[in-house]
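Here is the structure we will look at.
We number each residue from 1, following the sequence as shown. Note: hydrogens, waters and symmetry copies are ignored here, and every other heavy atom, side chains too, is used. All ligand and atom numbering here is 1-based and tracks the order in the structure.
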Amino acid sequence: MHQVKLTANIYYLGFNDRRTHLFENIWPIPYGVAYNSYLIDDSKVALIDTVDRQFIEDYLDAIEEILEGRPVDYLILNHVEPDHSGALRAVTARFPNITLVGNKKTFPLVENMYFKPVNVREVADGDTLTIGATTLSFHTVPMVHWPETMVTYDRTHEILFSGDAFGSFGTLDGGVFDDQLNLSFFEEEAMRYFTNIVGKYCPHTQRALAKLKDLSIKIIAATHGPLWRDNLEWILSRYRKWSAYQAEVGAVIVYGSMYGNTQKMAEAIARQLAIRGIKNIRIYDVSKTHKSYIISDIFKYKAFIAGSCAYNNELFPNMESLLTHIAHTGIKERYLSIFGNYAWSGGGVKNLRKFAAETGWELVGEPVEEQCSLKPAQFEACIRLADAVADKLGAA
Ligand code: FEO
């Protein structure tokens, strides 16, 4: 097989998953996902993270192809989540004298997930490990994406092995480094990965970025998606922006509608926004589009306009599920506008108001609620709602 190298003695050992439908059994990955591991072949041999367990056999074969019978001395565990520790048991079985390298939060997870490791090297923030000509240092980045998460910095070659940070959905279809592939594809998939997986931990991501900002970095080698070497600022600037909740001028309109009346309200609002000059408008039917894409766009755009019909005196269930997940992400500083519809009893708008109070987002415009078909008075109310949003967004 092709061997992909970061330097003369550092290898990329990654595998493309095009079979799994849902990452974490939640998030759709129509373009798959890559699990990236790395091997440093110096006086001592170090693996950095492993891969998902479905690739164990090929992973061990790839290691053997490089080492030709020599053992692996260290397995550095930046992150114990099973998509990266899936081959831990197999690696330790193959190399019984291997030393696991992690921090004080790493090994309890390993023990609970797999077994009590025998040879361990517990590192603290900033500790180093020299494995020949290569010196590595370890830097904890808690909650990016789990409590034990750390990154490993190769001081010799100036490579940051960053774990989930700077990762992306999408397989590596031939190209592995950022300069070997079309970045426009990863614009959406990197953002969806960040907002879906790490998005709850934006403040932690900000702290991690601040902590790592003085490192001189030539390559960022994440555990998912492309390796960054020609476009470091491309991915760094996006992480700075996303984790700071910075948004573009635009509106995400999401509706839950059984018979189309709430949908008509959404269309009226969107049309008026467009008349007012807003170009970034995305309308989603919450029953059709997975929340993965909707949440990513709520991170992207400043205004979120939510509409729900009433369902058994409550929110439309799919809207309720979306709002629960939005609340879990803790996203901040969005404009919120609400509308809805009912036939014989309310429940949609009433509960959207509760969501508004819980998020603390600025409620823009007067909520609009119609009974059954959209009639002139509430059509005009939708127009006023859209105008209020456009005013906030600074539209013409
Ligand atoms: Fe890719 Fe948090 O594991």
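Rounded to 10°, the angle that NE2 of His84 and OD1 of Asp164 form at atom 1 (Fe) of ligand 1 is 80°.
Salt bridge Lys211/Asp125: present, at least one basic N to carboxylate O contact under 4.0 Å.
Per residue Glu81, closest N, O or S atom to atom 2 (Fe) of ligand 1: atom name OE1. Checked against atom 2 (Fe) of ligand 1, the N, O or S atom of His145 at the shortest distance is ND1. Among the heteroatoms counted here (N, O or S) of Asp83, OD2 is the one nearest to atom 1 (Fe) of ligand 1.
Looking at Thr7 and Asn9, their side chains do bring a donor and an acceptor atom within 3.5 Å of each other.
Checked against a 6.0 Å centroid threshold, the rings of Tyr153 and Phe161 do not count as neighbours.
Note that Arg229 lies in the cation-pi zone of Phe177, set by a 6.0 Å cut-off to the ring centre and a 45° limit from the axis.
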